[in-house]
Amino acid sequence: MRENSDISALPRILLEWYDMHARRMPWRVPPAQRMAGTLPDPYRIWLSEVMLQQTTVATVGAYFERFTTRWPTVAELAAAQDADVMGEWAGLGYYARARNLLKCARAVVERHGGAFPADHAALLALPGIGPYTAAAVSAIAFDQPHTVLDGNVERVIARLYDIHTPLPGAKSELMEKAGALTPQTRPGDYAQAVMDLGATICTPRSPACGICPWRAPCAARAAGTAAALPKKTPKKAKPVRHGTVYLAQRSDGAWLLETRPDSGLLGGMLGWPGSDWVDSSLPMPESAAPLAANWRETPGEVRHTFTHFHLILRILQAKVEVDARPTTGHFVPRENFRPSDLPTVMRKAYDLVRTPSATAL
DNA sequence: AATTCGGGGTC
DNA sequence: GACCCAGAATT
């Protein structure tokens with residue numbers, strides 16, 4: 001930021017841009033309605049913000065519609081079965097969010113009588129609500145002047161002030177600068193405006209500085225460093241792990257599945273029984289099959305990449321009789337099995353068994 | 001402060 | 001392939 005520019009003018013400039021260019025989202029109340037006094041339902045803002053954690057707006061859309069149709073209020077969500085919520089979340093990733101979503105809904109009912117608190121500290125004390133989400137809900141749903149610092153805002157502020165300190169170390173400095181900009185008027189629209197700016201103009205690779213409402217005060221624009229900011233500490237390479245999953249189908253069509261433990265990878269999600277997943281430098285782990293059967297190896301393999309490792313899965317498949325008694329997992333009747341309840345890596349295994357792909361040959 | 005958590009879109 | 005995405009919880 002140039003020293004002679006007045007930061008007090010920046011929020012107003014951005015809000016004027018937002019009034020013209022606000023993105024449309026299913027949970028958002030447009031600026032004209034907000035200025036007329038209409039604020040959004042805090043339940044819908046909270047739900048959207050949790051879904052949006054490390055997830056794109058485009059991906060969230062369909063999930064948000066299904067959740068709000070099935071559970072229109074936080075009280076109805078709080079009364080849902082765990083397995084139903086985990087199933088609806090399947091494919092969205094970061095499944096601790098879904099477990100905390102239920103904990104939070106139930107805490108809102110028990111602690112706050114079914115109404116989300118407007119108080120930032122009370123929000124922060126709820127499961128799955130961290131610094132960003134507490135600020136977003138208080139600002140967007142309650143129009144309180146709290147500062148949101150997500151990936152978009154980090155990028156916008158790092159460029160506006162030409163900050164070269166790498167993330168995540170730069171967070172406190174960025175928060176300080178972003179907080180000084182946060183206005184007392186229309187803080188909810190302002191929070192959404194900064195994020196829209198980062199999502200549509202101040203983009204990671206090739207920012208559209210020429211049409212940016214903040215191009216005049218932007219220090220990185222002046223220095224020619226915008227596209228290189230923010231700097232980030234390098235990430236570690238992903239190792240490769242491998243393992244085995246067992247897909248058993250009973251003669252009546254039921255599938256053998258297990259509900260994974262609440263903690264750890266894919267916690268609380270439905271999946272196929274299988275071995276541990278070990279580093280590829282180690283031999284394939286010897287795992288006991290969930291039941292005695294004529295196991296046959298499915299041609300091909302499942303390849304999947306998680307946040308911090310690549311996975312290669314071998315698939316063993318068997319047909320079993322209705323009197324089979326597995327040592328792990330439980331048979332799910334054909335009519336109760338929704339493949340969409342499976343996390344993506346487990347869905348891939350199912351798809352490979354159902355429709356062997358050309359790459360498997 | 002570093003690690004653990006998913007998955008898809010994009011270049 | 002690598003990077004990014006309206007981050008939070010755990011260690």
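Side chains included, hydrogens not; waters and symmetry mates left out as well; all remaining heavy atoms used.
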Self-check item: A/D150: side chain to side chain donor-acceptor pair (under 3.5 Å) partners, not counting sequence neighbours
Solution: A/N152
Quiz prompt | Cation-pi geometry met for A/R34 and A/W27 (6.0 Å, 45°) | solution = no
Practice problem: For A/K348 and for A/S263, locate the closest nucleotide of DNA chain B by heavy-atom distance; then report the residue assigned to the nucleotide nearer the 5' terminus. | Solution: A/S263
Practice problem: List the steps and the verdict of side-chain contact (heavy atoms from CB on, under 4.5 Å) for A/T165 and A/K171. | Solution: CA-CA 9 Å; A/T165 312; A/K171 269 184 184 290; over 6 Å; no
Quiz item: Who pairs with A/H21 by side chain to side chain donor-acceptor pair (under 3.5 Å), at least two apart in sequence or on another chain?
Solution: A/W17
Quiz prompt | Cation-pi check, A/K177 onto A/Y161 ring (under 6.0 Å, within 45° of axis) | solution = yes
Quiz prompt | Non-neighbouring partners of A/W214 that pass ring pair (Phe, Tyr, Trp, His ring centres under 6.0 Å), sequence neighbours left out | solution = none
Practice problem: Please name all residues satisfying side chain to side chain donor-acceptor pair (under 3.5 Å) with A/R314, sequence neighbours left out, ordered by chain then number. | Solution: A/T244
Quiz prompt | Proximity to DNA chain C (any heavy atom under 4.0 Å), residues of residues 189-203 of chain A only | solution = A/M195, A/D196
Quiz item: Excluding sequence neighbours, so at least two apart, what forms side chain to side chain donor-acceptor pair (under 3.5 Å) with A/D82?
Solution: A/R106
Quiz item: Partners of A/K319 by salt bridge (Lys or Arg N to Asp or Glu O under 4.0 Å), sequence neighbours excluded?
Solution: none
Quiz item: Is A/E321 salt-bridged to A/R250, going by a charged N under 4.0 Å from an acidic O?
Solution: no
Quiz item: Base, sugar-phosphate, or nothing: which does A/M269 touch, judged by heavy atoms less than 4.0 Å apart?
Solution: nothing
Quiz item: Which is true for A/S48 with a 4.0 Å heavy-atom rule: it touches a base, it touches only sugar-phosphate, or it touches nothing?
Solution: nothing
Practice problem: Mind calculating the distance between CZ (A/R99) and C1' (C/dA9) to the nearest angstrom? | Solution: 10 Å
Exercise. Give the first and the last nucleotide of DNA chain B, reading 5' to 3', that has any atom under 4.0 Å from a heavy atom of chain A.
Key: B/dT3 to B/dC11
Quiz item: Which residue lies toward the 5' end of DNA chain C, A/V57 or A/G128, if each is placed at its nearest nucleotide?
Solution: A/V57
Exercise. Applying side-chain hydrogen bond (donor to acceptor under 3.5 Å, both in side chains) between A/Q192 and each of A/R28, A/R186, A/R23, report the one that passes.
Key: A/R28
Self-check item: Residues from residues 148-158 of chain A lying under 4.0 Å of DNA chain C - heavy atoms
Solution: A/D150, A/G151, A/N152, A/R155
Exercise. Would you classify A/Y132 as touching base, sugar-phosphate or nothing, given that sugar-phosphate means primed atoms plus P, OP1 and OP2, and contacts are heavy atoms under 4.0 Å?
Key: base
Quiz prompt | DNA chain B contacts made by residues 64-92 of chain A, counting heavy atoms under 4.0 Å | solution = A/G91, A/L92
Exercise. Could you state the atom-to-atom distance from CD of A/E49 to P of C/dC5 in whole Å?
Key: 15 Å
Quiz prompt | Interatomic distance at C1', C/dC3 relative to B/dG6, whole Å | solution = 15 Å
Quiz item: Is the A/Y350 ring parallel, tilted or perpendicular to the A/F337 ring (thresholds 30°, 60°)?
Solution: perpendicular
Practice problem: Go through residues 225-247 of chain A and report each residue with a non-hydrogen atom lying under 4.0 Å from DNA chain B, sorted by number. | Solution: A/K236
Exercise. Select base, sugar-phosphate, or nothing to describe what A/G169 touches, counting heavy atoms under 4.0 Å on all strands.
Key: nothing
Practice problem: For side-chain contact (heavy atoms from CB on, under 4.5 Å), just list the numbers for A/D162 and A/H164, CA-CA rounded to whole Å, side-chain angles, deciding distance to a tenth of an Å, and then say yes or no. | Solution: CA-CA 6 Å; A/D162 198 32; A/H164 290 238; 2.9 Å; yes
Quiz item: Are any of A/Q53's side-chain N or O atoms less than 4.0 Å away from OP1 or OP2 of C/dG7?
Solution: no
Quiz prompt | Lys/Arg N to Asp/Glu carboxylate O, A/D341 vs A/R338, below 4.0 Å | solution = yes
Quiz prompt | Residue whose nearest DNA chain B nucleotide is more 5′ - A/R205 or A/Y95 | solution = A/Y95
Exercise. Starting from the C-alpha separation in whole Å, work towards a yes-or-no answer on side-chain contact (heavy atoms from CB on, under 4.5 Å) for A/D119 and A/L124.
Key: CA-CA 9 Å; A/D119 178 56; A/L124 196 54; over 6 Å; no
Self-check item: Separation of atom NE2 in A/H308 from atom C1' in C/dA9, rounded to whole Å
Solution: 14 Å
Quiz item: What is the nucleic acid contact for A/P168, judged by heavy atoms within less than 4.0 Å: base, sugar-phosphate only, or nothing?
Solution: nothing
Practice problem: With P as the reference atom in both, quote the distance from B/dT4 to C/dA6 in angstrom, rounded to an integer. | Solution: 25 Å
Quiz item: Judged by atom type as modelled, is there a donor-acceptor pair below 3.5 Å linking the side chain of A/T73 to the main-chain atoms of A/E76?
Solution: yes
Practice problem: Report the residues that fulfil ring pair (Phe, Tyr, Trp, His ring centres under 6.0 Å) with A/H242, sequence neighbours left out, ordered by chain and then residue number. | Solution: none
Practice problem: Pick base, sugar-phosphate or nothing for A/T344, based on heavy-atom distances below 4.0 Å to the nucleic acid. | Solution: sugar-phosphate
